[in-house]
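Values below: all heavy atoms of this structure, side chains included; hydrogens, waters and symmetry mates excluded.
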Amino acid sequence: MATDTLKSTTGASGASAVRRLLLDNGALTALIALVIAMSALSGDFLTTDNLLNIGVQAAVTAILAFGVTFVIVSAGIDLSVGSVAALSATVLAWMATSEGVPVWIAVILAVAAGMACGLVNGVLISYGKLPPFIATLAMLSVGRGLSLVISQGSPIAFPESVSHLGDTLGGWLPVPVLVMVVMGLITALILGRTYIGRSMYAIGGNEEAARLSGLRVKRQKLAIYALSGLFAAAAGIVLASRLSSAQPQAAQGYELDAIAAVVIGGASLAGGTGKASGTLIGALILAVLRNGLNLLSVSAFWQQVVIGVVIALAVLLDTLRRKAGATPVAAGTGAPGGRGKQAATYIIAAVVAAAIVGAMSFLHNGSSSSATKKVGLSLSTLNNPFFVQIEAGAKAEAKKLGVDLTVTDAQNDASQQANQLQNFTSSGLGSIIVNPVDSDAAGPAVRSANKAGIPVVGVDRGVNKADTAALVASDNIAGGKLGAKAMAEKLGGKGKIVILQGLAGTSASRERGAGFAEGLKAYPGIEVVARQPADFDRTKGLDVMTNLLQAHPDIQGVFAENDEMALGAVKALGSKAGTSVSVIGFDGEPDGLKAVKDGTMYASVAQQPKELGRIAVENALNAAEGKKVEKTVMVPVKVVTKENVAGFGG
């Protein structure tokens with residue numbers, strides 16, 4: 001009887017110990033499980049190139065997240081880090097190029113800009129008594145706006161000397177990974193070994209108690225948010241180095257990834273807990289998820305769903321851990337043997353993961369298939385009917401030719417597209433098709449594909465400073481000129497018009513706008529009374545046009561740089577559309593052509609997106625098979641009006 005009782009107690013104790021171990025190391029357990037799962041599902045996951053890609057892709061998020069860790073540990077929040085990263089990179093590029101400032105001084109000014117933004121956040125929160133959410137939300141808008149003002153909405157080439165941060169050492173070790181490791185060590189040192197680190201935990205645990213114990217909470221918060229700004233500046237410089245250009249729209253939404261990495265890594269939004277190693281693991285989990293889902297050809301839309309579920313599960317695990325009494329201790333405050341025990345846990349986890357991953361790699365070794373008919377297509381966005389039609393044309397041609405086509409959506413994020421192109425390269429595809437978010441930013445990733453011997457075909461937009469086997473495109477500048485001519489002829493050579501511009505920094509917006517401006521030079525009687533961006537979005541087109549009508553009710557024409565904005569303008573104009581105001585769009589998408597047919601839009605400068613997709617796949621396959629392809633394949637554009645819309649097939 002006594003023996004049975006003892007066995008039962010021991011068994012229960014063992015189960016409890018395992019359960020507590022898993023709860024205490026939930027993020028690490030999740031990372032190991034993810035690596036094992038991705039290794040089993042994709043034979044391309046475990047290649048050296050791909051694992052290094054994961055490190056590079058995690059770097060920017062991890063560096064941002066290290067800075068956010070300080071804030072969350074002290075029970076705050078920082079929503080501005082993505083915008084501050086973009087602003088810092090823009091300041092560096094602008095100072096070093098347009099202003100001729102020595103690069104080392106420009107770097108210092110960029111870091112100072114990031115810290116200044118953090119200090120402003122700290123002042124608003126500590127002395128202005130604003131909630132951290134509101135203060136940093138305001139800085140998110142201010143930082144992004146200043147980045148756009150400085151750059152005038154266009155990417156700025158990054159100094160060559162700083163761009164080496166995006167390169168590799170010895171031809172294989174990525175510098176961004178080294179920067180990530182260094183910033184992680186600095187974070188661990190600050191949290192575990194410094195006065196300000198202990199202050200963060202004290203403030204996050206109980207701010208009032210920290211104040212009563214003599215801690216200068218307000219001053220400490222200034223330092224905490226300044227540190228967050230400094231890390232954001234470092235992340236922005238690394239990101240711009242990877243893209244060889246400072247993108248004013250870079251790092252949009254990265255603040256949410258940074259916060260997610262910190263939470264997934266075991267920190268609590270209530271404050272008082274969190275550590276650098278956990279944040280790094282959280283960033284790696286997000287990178288492994290995105291990389292693996294790319295390799296498995298999972299839609300970018302579903303990727304967002306999966307990442308949202310992971311964040312929810314991480315918070316749920318934190319709740320379970322607290323209920324189980326397994327709340328993690330603050331860095332540097334654990335028991336004497338705590339660090340040794342933690343290190344042992346990490347070593348054991350690494351050994352177990354290596355063993356299982358090695359077995360998975362062995363299983364995949366025997367399987368080989370020709371990669372020639374595997375093609376990757378990276379589109380700038382799938383939140384626009386024009387690019388959806390490119391995808392449709394590409395898929396139809398791929399099915400016809402027996403090509404295995406993988407499509408990814410960059411969501412108008414140049415850095416996300418760079419990651420996708422790197423994933424394609426490490427997968428050893430036969431060829432790659434890219435529709436760049438930005439022609440300059442796509443260059444480094446395409447050069448990596450060039451080095452790997454993978455032919456790249458550009459579609460709709462070219463790639464700068466890299467070799468492409470072919471460019472399948474319509475001429476956006478010529479299309480803009482055609483739009484100007486159509487508008488002038490419709491208005492009889494005189495009248496007031498407004499222009500709705502696309503997403504700032506995109507080559508399509510720049511080229512269409514430049515072509516339209518060039519075309520208008522022949523018609524001095526046409527006066528442009530306003531130019532406003534509406535980001536290629538129908539809802540924004542509606543709002544911007546509604547506002548412009550208040551200031552300019554007597555306009556006779558609207559030129560929108562795509563059909564989506566034109567359709568928003570039509571809605572805002574109401575009965576004026578097609579009667580007293582002529583609206584011209586660009587792209588020739590189905591809804592736009594229907595509006596032309598109905599008479600609410602005068603015309604659309606129509607491309608043939610399905611044909612672009614079809615020809616791109618055809619050329620990509622020919623390039624992969626070593627066949628000769630034309631360097632430039634131009635698909636004609638034409639102005640479609642009510643008179644010829646019935647005969648236009650798109």
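Among residue pairs with one or both ends in residues 53-72, those qualifying as side-chain hydrogen bond (donor to acceptor under 3.5 Å, both in side chains) are Asn53-Ser426, Gln57-Asn423, Thr69-Thr279; sequence neighbours excluded. Applying the side-chain hydrogen bond (donor to acceptor under 3.5 Å, both in side chains) test to pairs two or more places apart or on separate chains, those with a residue in residues 119-130 are Ser80-Asn121. Under the salt bridge (charged side-chain N to carboxylate O under 4.0 Å, His left out) criterion, the residue pairs touching residues 243-263 are Asp257-Arg290, with sequence neighbours excluded. Counting only residues at least two apart or in different chains, salt bridge (charged side-chain N to carboxylate O under 4.0 Å, His left out) contacts with residues 58-84 are absent.
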- Could you go through the side-chain contact (heavy atoms from CB on, under 4.5 Å) check for Ile77 and Ile259 one step at a time? CA-CA 8 Å; Ile77 198 78; Ile259 293 168; 3.8 Å; yes
- Task: Would you please test Gln411 and Gln304 for side-chain contact (heavy atoms from CB on, under 4.5 Å) and show each step?
- Result: CA-CA 11 Å; Gln411 299 175 333; Gln304 293 185 52; 2.4 Å; yes
- Message: Pair Ser415, Asp413 - check side chain to side chain donor-acceptor pair (under 3.5 Å), show working.
- Response: CA-CA 6 Å; Ser415 58; Asp413 183 342; 2.6 Å; yes
- Item | Candidate pair Glu207 and Lys221, rule side-chain contact (heavy atoms from CB on, under 4.5 Å), full reasoning | CA-CA 11 Å; Glu207 183 174 329; Lys221 283 189 175 182; 3.1 Å; yes
- Task: For the pair Leu215 and Ile203, evaluate side-chain contact (heavy atoms from CB on, under 4.5 Å) and give the outcome as yes or no after the intermediate values.
- Result: CA-CA 9 Å; Leu215 195 65; Ile203 294 169; 3.8 Å; yes
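To the nearest 0.5 Å, atom CG of residue Leu41 and atom CG of residue Leu293 are 9.5 Å apart. In this structure, Asp537 CG and Leu503 CG are separated by 10.0 Å, a value rounded to the nearest 0.5 Å. Residue Ile285 holds its CD1 atom at 10.0 Å from CG of Leu280, rounded to the nearest 0.5 Å. Distance check: Thr381 OG1 to Asn412 CG gives 4.5 Å after rounding to the nearest 0.5 Å. Here the straight-line distance linking atom CG of Leu227 with atom CD1 of Ile186 works out to 10.0 Å at 0.5 Å rounding. The distance from the CG atom of Leu92 to the CD1 atom of Ile105 is 11.5 Å, given to the nearest 0.5 Å.
Shortest non-hydrogen contact noted between Ala233 and Val111 is CB-CA, 3.9 Å. Ala441 and Ala414 get closest at one heavy-atom pair: CB-CB, 3.7 Å. Between Leu140 and Ser83, the closest heavy-atom pair is O-OG, 2.8 Å. Closest of all the heavy-atom pairs between Ser448 and Thr425 is O-CG2, 4.0 Å. Of all the heavy atoms in Ala93 and Ala246, the pair that sits closest is CB-CB, 3.7 Å. In terms of heavy atoms, Ala135 sits closest to Leu124 at CB-CB, 4.0 Å.
Annotation: side chain of Ile150 is in contact with side chain of Leu87 (closest heavy-atom distance under 4.5 Å). The side-chain heavy atoms of Lys218 and Leu222, taken from C-beta on, include no pair separated by under 4.5 Å. Inter-residue side-chain proximity for Val73 and Thr273 is flagged as unmet; no heavy-atom pair is nearer than 4.5 Å. Side-chain atoms of Val177 and Val56, non-hydrogen and from C-beta on, do get closer than 4.5 Å to each other. When side chains are defined from C-beta on, Val288 counts as touching Phe45, because their heavy atoms get closer than 4.5 Å. Annotation: side chain of Tyr225 is in contact with side chain of Pro132 (closest heavy-atom distance under 4.5 Å). Taking the side chain as every heavy atom from C-beta outward, Leu295 and Asn50 approach each other to under 4.5 Å. By the 4.5 Å heavy-atom criterion applied to side chains, Tyr201 and Leu191 are counted as neighbours.
Thr90 places a side-chain N or O within 3.5 Å of a backbone atom of Ala86 that can act as its donor or acceptor partner. When atom types are taken as modelled, the side chain of Asn206 and the backbone of Glu208 share a donor-acceptor pair closer than 3.5 angstrom. Ser42 places no side-chain N or O within 3.5 Å of a backbone atom of Ser39 that could act as its donor or acceptor partner. Between the side chain of Glu99 and the backbone N or O of Ala96 there is no donor-acceptor pair closer than 3.5 Å. Under a 3.5 Å cut-off, the side chain of Tyr254 and the backbone N or O of Val60 do not form any donor-acceptor pair. Side-chain atoms of Asn294 do not come within 3.5 Å of backbone N or O of Gln420 as any donor-acceptor pair. A donor-acceptor contact shorter than 3.5 Å is absent between the side chain of Arg242 and the backbone of Ala445. The main-chain N or O of Pro155 is never found under 3.5 Å from a side-chain atom of Gln247 such that the two would form a donor-acceptor pair. Between the side chain of Ser245 and the main chain of Ala157, no donor-acceptor pair closer than 3.5 Å is present. Although no hydrogens or angles enter the test, the distance criterion places no donor-acceptor pair under 3.5 Å between the side chain of Thr187 and the main chain of Ala276.
Here Phe70 pairs with Phe231 under the ring-ring contact (aromatic ring centres under 6.0 Å, His included) rule; sequence neighbours left out. In this view, Phe424 satisfies the ring-ring contact (aromatic ring centres under 6.0 Å, His included) rule with no residue, not counting sequence neighbours.
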